[in-house]
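Order of listing sets the numbers, starting from 1, for every ligand and every atom in it. Computed from a predicted structure; not experimentally measured.
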Amino acid sequence: MNIAKVIVDVPASSTNQTFDYLIPDKFMEMLTVGMRVIVPFGPRKIMGFVVGFTSESSFTKLKKIIDVLDLTPVLTTELLELGKWVANETLSLSITALQAMLPQVLKSQYKKELVRLTDDMLPDEFENLFAGRDYIPFEEFEATSISYYQLQKLLEAGDVSVDYLVKSRITKKQITMIKPAKDIHVLEEALGDLSKTAKKQKQLLLFFIANEKEIEQKELLKKVQTTTSTVKALVEKELLETYQQEVLRNPYNDNEFARTTALELTDEQSQAIEPINQTIEENKHDVFLIHGVTGSGKTEIYLQAIQHVINKGKEAIVLVPEISLTPQMVKRFKGRFGSSVAVMHSALSSGEKYDEWRRIHRKEVNVVVGARSAIFAPFQNLGIIIIDEEHETTYKQEDQPRYHARDVAIQRGKTNNCPVILGSATPALESYARASKDVYKLATLSQRTNQKAMPEVEIIDMRNELHAGNRTMFSRTLKEEIEQCLAKGEQIVLMLNRRGYSTFVMCRDCGHVKECPHCDIALTYHKNSNQLKCHYCSYEERVPELCPECESDLIRYFGTGTQKVEESLTKLIPEARVIRMDVDTTRRKGSHEKLLSQFAEGKADILLGTQMIAKGLDFENVTLVGVLTADSMLHLPDFRSSEKTFQLLTQVSGRAGRHELPGKVVVQTYTPDHYSIELASVYDFDTFYKHEMSMRKAFQYPPYFFLALITVSHENNVKAMQTTQQIAQLLMKSVGGDTVVLGPTPSPIPRIKDRYRYQCMIKYRNEPHLRKYMNKIKSVFADEVRKKDLLITVDMQPYHMM
Ligand code: ADP
Ligand code: ZN
Ligand code: ZN
């Protein structure tokens, strides 16, 4: 088996296969599947993944592998298989699917170094190589005749490690350690020799005589109450020595989390966890849907199920939506499982992400809590996968590979024979439908653990406000409620479902709306810079003083953004202290946490924000929740808009009155009798589910029908339209009679970055060969796609219709 099968990093359909390469002798013993290699490809050297071995190849002149990037495989055999599955399901390239499973750092070329982890003697050739240093550039190792196999042995023994230099050495976290350089009796002798005045030096020596161990310099100085110059003096006398030690950046200080223990479960909780525990015991796969109102103790169930899994020596993946991966959430998992928890989310630097990934890879943790991509955590003994807020659409990746984390979770659950737990107060229609048919096991938690009722919701018809002469964006009721709340010293959460200052700029005289010249979409006004910006391309311009159409100077801002709400709020209720939280105020790393902790400490009365404040937050003193524009989502061209509105309203209502104080919710809307708003206000999921299901059935949408969305874009409008037409015709010839092919229709945003966009939607119930047809279509247009003037994207389960 001297030939490796390699998937190369050339993202094109013509290279979407394995290529054979000869394995040079020096890599022979050490190379395994899941390692990354450098191979010659045409005139270039490129990266590839080893996915298999063979002793014969149909090609005669094989090229050799140039280099091996990993000493331990970065992808397990399970993940390689999963990659195949993901590529197939999402119609993406194998290389794209494999890359999606790895942290960013491993996707690009970084410098490597060999780090010594032990003071014990290494084999001679390695002692010579290190020559007294703690780490060396990896090239130095490559220049020697030492075999990779020998190196691999040391790696496995934990004597050395091979690390990527994510940043320069200087910023990498290192600590200075001090240890005795001589035997203790030598130190004791030296103690007597020190002059009387060298008091601090004596204390230091005494410390090491008593402890005999290495210690971090910082801690030592604190303990002995001295400075580095004392240490230096003893180092110069060769009694002590110092060295640098790398610590993995752990973005959290695990000691800060007060440890918690399992709570005694309520009856509902016990009933829910019992079948899960049984599945864990029997090493079986099953999918459970926990439908539980906010505060019903779902998280406690997760924690106890994970404990069960850990007790069996297995590992757990917990997915939470990015937005609700708040410090509060992290605290609950770190509080129960301490440093065995890795956390993965986008606010971490790429170095921190890499370190967290390595902690999983090196088996230093057995729980990972993370956003979507944490589903690919390289655990090898997976015992449970949990998806909290399973209805969130952020679990669907909107780039290739367009996977849904729920589907990937179930696939991993099957291969690992372990349960998958989906939890939500407002399950996705698809999930609830499966649970109703017993495909998933349903558990219902109808009570909050503290027996508190869900807060009362009052719906305010904003049309009446306008009739009554109230032109502000705050109804009279909401204003009164806010004032009462302030008087009692309680806190308020206000949600607006938008970002920026105003949505668009319109001329009051002629109605002209300023649009992006490259995309058919209104520009967004940004007050701070007085610029109009396009959110789909990077176009921006200054706000015009005169209307470009009619030269009127009556240019006005329309729509409402958080910034504008904040201004009118402080005008209306000047005494209120407001914290604004939206994409603009939370861009900087850590600002999200900072604003939340300020609010928790009572430094503000009102937390005003976009939907990012709807999720997962839990503040004792919040008794009022206001939703300023409940219907802003209802009019989006998306068949899920009612479902999303229902989910968001339910979720934000759950922020009020979670503890001792009773809560109240005020929902402002222009469509008060829309069923999603009415039913959310009485927490009636069942009726909503039935109503929405009947709509979906009538209009042939999921879960009754599956969808596939093809989007075609081209700089030429006619070309884009014609191609979509051809695709639709090709499909219609192939698909079955019950399948509906819609299109070509212009996309909801018909032009982005000067490219015209058309779509073709396929609605089907049973179309076993659809992926084959899609691949055929792709190959028909492959030439034009390669020349880059045509772009065709296929989304097998679209969540984003734009
Ligand atoms: P959910 O995840 O469903 O919103 P949580 O797990 O956050 O609910 O529980 C809500 C609150 O109830 C938390 O403060 C939690 O500590 C508490 N809690 C959960 N289970 C129990 C229990 N069995 N006994 C007492 N308190 C509980
Ligand atoms: Zn005008
Ligand atoms: Zn644009």
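For the 3.5 Å distance criterion, the side chains of Y302 and D388 qualify, holding a donor opposite an acceptor. E389 and Q651 share a donor-acceptor pair across their side chains, judged by distance under 3.5 Å alone. A donor atom on one side chain and an acceptor atom on the other are found under 3.5 Å apart for E541 and Y539.
Here 4 is the count of protein N, O or S atoms positioned under 2.8 Å from the Zn ion (ligand 3), waters not counted.
Comparing T266, T449, T294 by heavy-atom distance to atom 11 (C) of ligand 1, the nearest is T449.
Heavy atoms of L263 found under 4.0 angstrom from ligand 1 belong exclusively to the side chain.
Ligand-side atoms of ligand 1 in range of E300: 6 (O), 19 (C), 20 (N), range being under 4.0 angstrom from any heavy atom. In the vicinity of R332, heavy-atom distances shorter than 4.0 Å reach the ligand 1 atoms 5 (P), 6 (O), 7 (O), 15 (C), 16 (O). Of all atoms in ligand 1, listed by their number and element, those nearer than 4.0 Å to a heavy atom of V293 are 3 (O). Atoms of ligand 1 lying under 4.0 Å from any heavy atom of G295, numbered from 1 in the order shown and given with element: 1 (P), 3 (O), 4 (O), 8 (O), 10 (C). Under a 4.0 Å criterion applied to the non-hydrogen atoms of E264, ligand 1 contributes the atoms 22 (C), 23 (N), 24 (N).
Between the CD atom of Q397 and the OG atom of S373 there is a distance of 8.0 Å, given to the nearest 0.5 Å.
Remark: ligand 1 and G292 share no N or O pair separated by less than 3.5 Å (distance only, no angle test).
With respect to S431, the side-chain hydrogen bond (donor to acceptor under 3.5 Å, both in side chains) criterion is satisfied by exactly one of H391, H291, E390: E390.
Taking the six-membered ring where the residue is Trp, the centroids of F288 and Y440 are separated by 6.0 Å or more.
Ring planes of F685 and Y689: parallel class, angle under 30° (limits at 30 and 60°).
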Between E392 and R372, does a salt bridge (Lys or Arg N to Asp or Glu O under 4.0 Å) hold up when you go through it step by step?
CA-CA 10 Å; E392 281 291 326; R372 181 179 61 228; over 6 Å; no
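For Q278, the side chain to side chain contact (heavy atoms under 4.5 Å, CB included) partners are E274, E282, not counting sequence neighbours.
Using a cut-off of 4.0 Å between Lys/Arg side-chain N and Asp/Glu carboxylate O, K514 and E549 are scored as not salt-bridged.
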